[in-house]
Amino acid sequence: MKIEIDDLSRPAIQALLNEHLQSMYELSPPESVHALDLEKLRQPEITFWSAWDGSLLLGCGALKELNPKHGELKSMRTPNGLRRRGAGRAILAHVIEVAKSRSYECLSLETGTIDAFKPAQRLYESFGFVYCGPFGDYAEDPNSVFMTLRM
């Protein structure tokens with residue numbers, strides 16, 4: 001598996017991000033969807049990675065700098081048909097290492113509350129993320145779970 005910085009130009013990554021956005025809108029009310037579209041993922045404070053096995057896209061993830069000491073995990077996704085192969089775990093480990101190399105003190109994330117989000121929550125817990133309150137520009141939301149990892 002090769003994890004690389006991605007410029008979001010390839011059709012495969014655009015299709016995966018479209019799948020991600022569609023899924024988020026199917027699972028959560030619109031006001032509770034915090035997934036980013038292509039334009040927002042191209043902001044300078046965001047670094048985006050994709051994971052590949054040759055020409056097969058295995059997943060993606062992004063790191064948004066909230067401030068010089070705090071990052072946010074964004075756009076973690078593996079294709080529906082390629083789950084449980086370790087790509088999500090590998091991308092998360094990679095993003096955590098980059099956050100550490102940037103001297104972030106913590107890495108936070110927002111995810112959903114329904115059962116469909118439980119596997120992601122378990123993955124984050126396995127890396128040491130703990131539940132917390134809203135951070136950054138987020139507000140309390142019954143459809144959101146917030147987690148953070150102290151570096």
List for me each residue that meets side-chain contact (heavy atoms from CB on, under 4.5 Å) alongside [X], sequence neighbours excluded, and say none if there are none.
{"X": "Ala87", "result": "Met1, Leu58, Thr78"}
{"X": "Ala15", "result": "none"}
{"X": "Asn18", "result": "Gln22"}
{"X": "Asn67", "result": "Lys69, His70"}

Show every donor-acceptor pair shorter than 3.5 Å between a side-chain atom in residues 143-151 and any protein atom, with sequence neighbours excluded, or say none if there are none.
| from | atom 1 | to | atom 2 | distance (Å) |
| --- | --- | --- | --- | --- |
| Asn143 | ND2 | Ser32 | OG | 3.3 |
| Asn143 | ND2 | Asp141 | OD1 | 3.4 |
| Ser144 | OG | Glu110 | OE2 | 2.7 |
| Thr148 | OG1 | Leu107 | O | 3.3 |
| Thr148 | OG1 | Ser108 | OG | 2.8 |

Under 3.5 Å, side-chain donor or acceptor atoms of residues 120-129 against the rest of the protein: list the pairs with distances, not counting sequence neighbours.
| from | atom 1 | to | atom 2 | distance (Å) |
| --- | --- | --- | --- | --- |
| Gln121 | OE1 | Tyr131 | OH | 3.2 |
| Gln121 | NE2 | Gly112 | O | 2.8 |
| Glu125 | OE2 | Tyr131 | OH | 2.8 |
| Ser126 | OG | Arg89 | NH1 | 3.4 |
| Ser126 | OG | Arg89 | NH2 | 3.1 |
| Ser126 | OG | Leu123 | O | 2.6 |

Item to check | Glu97: salt bridge (charged side-chain N to carboxylate O under 4.0 Å, His left out) partners, not counting sequence neighbours | outcome: Lys100

Checklist entry - Among all residues two or more places apart in sequence or in another chain, which pass the salt bridge (charged side-chain N to carboxylate O under 4.0 Å, His left out) test with Glu19? => result Arg77

Checklist entry - Can a donor-acceptor pair be found between the side chains of Arg42 and Ser9 at a distance below 3.5 Å? => result no

Checklist outcome for this item: Across all chains, not counting sequence neighbours, the side chain to side chain donor-acceptor pair (under 3.5 Å) partners of Ser101 are none

Item to check | Listed once per pair and sorted, the salt bridge (Lys or Arg N to Asp or Glu O under 4.0 Å) pairs that draw on residues 54-65, sequence neighbours left out | outcome: none

Next on the checklist: Taking ring pair (Phe, Tyr, Trp, His ring centres under 6.0 Å) as the cut-off, I'd like each qualifying pair that reaches into residues 4-45, sequence neighbours left out, listed once.
Outcome noted: His34-Tyr138

Checklist entry - In the hydrophobic clustering (ILVMFWY, side-chain contacts below 4.5 Å, transitive), which residues join Ile46, or is it alone? => result Leu8, Ile13, Leu16, Leu17, Leu36, Leu38, Leu41, Phe48, Trp52, Leu57

